[in-house]
J.: 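The structure under discussion is supplied below as structure tokens; questions concerning it will follow.
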Amino acid sequence: GGSNALLCNAVVGYATHIGEKLKIPTGIVHFAPFYPTRAFPPPVGPQNLALPGPANLLSHLLLQKMNWLANASWINRWRVRNLGLPALHRWQPQADALFQRFFAFSPSLLPSIEDWPENNRITGFWFGQSSPFAPPTDLESFLADKSTIAICFGSVLDERVGAVVRHVIQAGRELGFQLIVVGGWGLENLEVSPDVMFRPFVPYSWLFPRVQMVVHAAGCGTTAEVLRAGIPSATVPFAGEQKFWAHRLWKSGASAPPLDRKTLTQDAVLKTLRTVRDNHAMRQAAASLGLRVQAEDGVQRTIELLEKDL
């Protein structure tokens with residue numbers, strides 16, 4: 001009664017070697033397009049460079065090779081000693097043909113990529129089952145009062161988040177909004193007022209349909225929830241693939257151009273929030289994307305694709 005298939009997050013991508021050992025269908029799940037292509041540069045690099053296709057491809061290959069070289073020694077020891085598999089060549093990682101890659105984001109935001117192999121599948125965002133949420137009375141009353149901006153930097157571990165949030169609060173007030181700040185490192189002592197509320201946690205799936213815009217770092221999960229809610233956003237990416245998703249949101253028409261946290265000014269934040277508030281085409285684009293994302297079921301699609309190999 002062993003496993004019939006193996007599905008693992010790319011963060012623990014070495015689990016694909018277990019699938020090779022067990023000889024069962026194996027899939028690796030990516031939440032950003034970490035795979036060589038000529039279409040765009042790696043998600044962790046600058047996104048505003050118009051590089052030629054070969055340069056994009058080379059940058060992906062270099063990143064992939066660097067990652068393998070950093071881990072090849074211990075993976076090969078583990079393969080030989082623990083799994084009874086032969087060691088892989090130091091310059092050649094596990095063959096892609098041994099497993100499928102599932103990319104858990106919406107094809108509406110990033111369509112199929114022409115130079116990817118057939119076993120790379122874009123499934124749609126993965127959404128879990130929403131747990132029942134009984135909002136406190138003060139939260140419901142606050143959101144019913146007037147137009148609200150949600151500020152969400154919950155996963156960002158950076159001491160500069162506080163300064164960004166203060167800029168957004170000031171700009172939002174100038175434009176007549178009230179603001180709710182959800183989570184965020186170092187924001188526990190944020191000064192609240194009748195028009196600024198802080199909550200350590202509110203489900204995004206419940207909150208976002210009740211606000212007019214979201215200011216966030218453009219992590220994959222928050223980006224997915226913003227798109228599903230069909231509302232526009234302003235982004236301040238900090239690290240990792242956040243710059244990639246911020247860039248894609250902007251190119252989709254559902255967001256203002258990303259703000260650079262290193263050169264952020266009060267005036268830049270004010271102009272960005274005003275743009276999001278007043279741009280009717282942006283609101284239409286966000287609403288249209290929302291309908292498409294709501295119609296997708298990335299988890300079910302992944303299951304169906306994996307089952308075809310059983």
Side-chain angles (χ1 to χ4, degrees), residues 3-16 18-20 24-44 47 60 63-64 67 94-131 155 203-205 208 216 218-230 233 240-249 251-252 254-255 285-286 288-310:
S3 299
N4 295 320
L6 174 65
L7 193 62
C8 65
N9 190 316
V11 175
V12 287
Y14 53 83
T16 56
I18 298 174
E20 180 184 347
I24 57 176
T26 300
I28 184 169
V29 183
H30 296 264
F31 293 92
F34 285 102
Y35 193 88
T37 178
R38 294 173 176 82
F40 46 78
V44 292
Q47 299 301 312
H60 278 280
L63 182 66
Q64 191 179 63
N67 181 62
Q94 201 175 20
D96 276 354
L98 292 174
F99 51 89
Q100 295 193 64
R101 291 181 184 269
F102 301 106
F103 293 85
F105 47 78
S106 175
S108 297
L109 193 60
L110 187 65
S112 296
I113 298 163
E114 291 184 1
D115 57 355
W116 273 8
E118 289 187 2
N119 58 334
N120 280 16
R121 310 296 184 90
I122 297 175
T123 65
F125 288 116
W126 284 24
F127 295 107
Q129 294 291 328
S130 298
S131 301
S155 64
Y204 289 171
S205 58
F208 288 175
H216 59 106
C220 183
T222 307
T223 296
E225 290 290 3
V226 168
L227 286 170
R228 181 164 66 163
S233 59
E241 65 271 20
Q242 292 171 355
K243 287 184 179 181
F244 179 84
W245 291 123
H247 185 77
R248 288 289 151 181
L249 275 173
K251 289 299 185 182
S252 76
S255 171
S288 176
L289 273 169
L291 292 175
R292 280 179 273 166
V293 170
Q294 290 164 25
E296 299 168 1
D297 189 339
V299 173
Q300 183 59 38
R301 178 62 177 153
T302 302
I303 292 170
E304 291 169 357
L305 291 168
L306 195 59
E307 283 181 337
K308 287 183 179 180
D309 280 355
L310 294 179

J.: So which heavy atom on Ser252 is nearest to which on Ala285, and how close?
T.: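 Where Ser252 meets Ala285 most closely, the heavy atoms are O-CB, 4.0 Å.
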J.: What is the minimum heavy-atom distance between Leu63 and Pro42, and which atoms define it?
T.: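 Looking at all heavy atoms of both residues, the closest pair is CD2-CB, 3.8 Å.
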J.: Which pair of heavy atoms, one from Ser106 and one from Val293, lies closest together, and at what distance?
T.: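 For Ser106 versus Val293, the nearest heavy atoms are OG-CG2, 3.9 Å.
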J.: Using 0.5 Å steps for rounding, measure from the CD atom of Gln100 to the OG1 atom of Thr16.
T.: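 One gets 13.0 Å once the value is rounded to the nearest 0.5 Å.
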J.: Between Val299 and Phe127, does a side chain to side chain contact (heavy atoms under 4.5 Å, CB included) hold up when you go through it step by step?
T.: CA-CA 7 Å; Val299 173; Phe127 295 107; over 6 Å; no
J.: Please name the pair of heavy atoms, one in Pro33 and one in Trp116, separated by the smallest distance, quoted to 0.1 Å.
T.: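 For Pro33 versus Trp116, the nearest heavy atoms are CB-CH2, 3.8 Å.
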J.: When rounded to the nearest 0.5 angstrom, what is the spacing between CG in Leu306 and CZ in Arg121?
T.: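 These two atoms lie 10.5 Å from each other.
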J.: State which residues pass side chain to side chain contact (heavy atoms under 4.5 Å, CB included) with Cys220; sequence neighbours excluded, sorted by chain then number.
T.: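 In terms of side chain to side chain contact (heavy atoms under 4.5 Å, CB included), with neighbours along the sequence ignored, Cys220 is linked to Phe31, Phe125, Trp245.
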J.: Of the non-hydrogen atoms in Ala104 and Val29, which two are nearest, and what is the gap between them?
T.: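 Of all heavy-atom pairs spanning Ala104 and Val29, the closest is CB-CG1, 4.1 Å.
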J.: Quick one about Glu225 and Ser205 (side-chain donor to acceptor, distance below 3.5 Å, no hydrogens or angles considered), yes or no?
T.: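 Ser205 vs Glu225: no donor-acceptor pair found between side chains.
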J.: What is the distance from atom CD1 of Ile24 to atom OG1 of Thr26, rounded to the nearest 0.5 Å?
T.: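 Going from CD1 on Ile24 over to OG1 on Thr26, the span is 5.0 Å.
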J.: Specify the closest pair of heavy atoms between Asn119 and Phe99, including all atoms of both residues, with the distance to one decimal.
T.: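 Nearest heavy atoms, Asn119 then Phe99: ND2-O, 2.9 Å.
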J.: Mark yes or no: Arg301 above the aromatic ring of Phe102, with NZ or CZ under 6.0 Å from the six-membered ring centre and no more than 45 degrees from the axis.
T.: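 No, Arg301 does not lie over the aromatic ring of Phe102.
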J.: Calculate, to the nearest 0.5 Å, the distance between atoms CG and CG belonging to Leu249 and Leu109 respectively.
T.: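 Reported value, rounded in 0.5 Å steps: 6.0 Å.
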J.: Relative to the ring of His30, is the ring of Phe103 parallel (under 30°), tilted (30 to 60°) or perpendicular (over 60°)?
T.: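 Phe103 vs His30 ring planes: parallel.
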J.: Can you list everything that forms a side-chain hydrogen bond (donor to acceptor under 3.5 Å, both in side chains) with Gln242? Sequence neighbours excluded, please.
T.: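 Listed in chain order: nothing, the list is empty.
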J.: If only side-chain N and O atoms count, and only distance matters, is there a donor-acceptor pair under 3.5 Å linking His60 with Thr37?
T.: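 Per modelled atom types, Thr37 and His60 side chains form no pair under 3.5 Å.
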J.: Would you give the length of the straight line joining atom NE2 of His216 to atom OH of Tyr204, rounded to the nearest 0.5 angstrom?
T.: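 The distance works out to 9.5 Å.
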J.: Would a distance-only check, ignoring hydrogens and angles, find a side-chain to backbone donor-acceptor pair under 3.5 Å from Thr223 to Gly219?
T.: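 Indeed, once roles are kept as given, a pair shorter than 3.5 Å links the two residues.
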J.: For Phe40 and Phe244, I'd like to know if the aromatic rings sit close, meaning centre-to-centre distance below 6.0 Å.
T.: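 Yes, they do, as the ring centres are separated by less than 6.0 Å.
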J.: Would you please test Val44 and Phe34 for side chain to side chain contact (heavy atoms under 4.5 Å, CB included) and show each step?
T.: CA-CA 9 Å; Val44 292; Phe34 285 102; 3.6 Å; yes
J.: Taking Ser255 for its side chain and Ser233 for its backbone only, find out whether a donor-acceptor pair lies under 3.5 Å.
T.: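 Yes.
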J.: Looking at CD of Glu296 and CG of Leu291, how far apart are the two atoms once the value is rounded to the nearest 0.5 Å?
T.: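 Glu296 atom CD to Leu291 atom CG measures 11.5 Å (nearest 0.5 Å).
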J.: Has Asp297 got a side-chain atom pairing as donor or acceptor with Gln300's backbone, closer than 3.5 angstrom?
T.: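 Side chain of Asp297 to backbone of Gln300: a pair is present.
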J.: Contact between Ile113 and Tyr35 at the side-chain level, heavy atoms closer than 4.5 Å - yes or no?
T.: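 Ile113 does not reach Tyr35 side chain to side chain.
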J.: Sort and list the pairs that fulfil salt bridge (charged side-chain N to carboxylate O under 4.0 Å, His left out) and have at least one residue in residues 28-38, not counting sequence neighbours.
T.: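 As it turns out, the salt bridge (charged side-chain N to carboxylate O under 4.0 Å, His left out) pairs with a partner in residues 28-38, which skip direct neighbours, are Arg38-Asp115.
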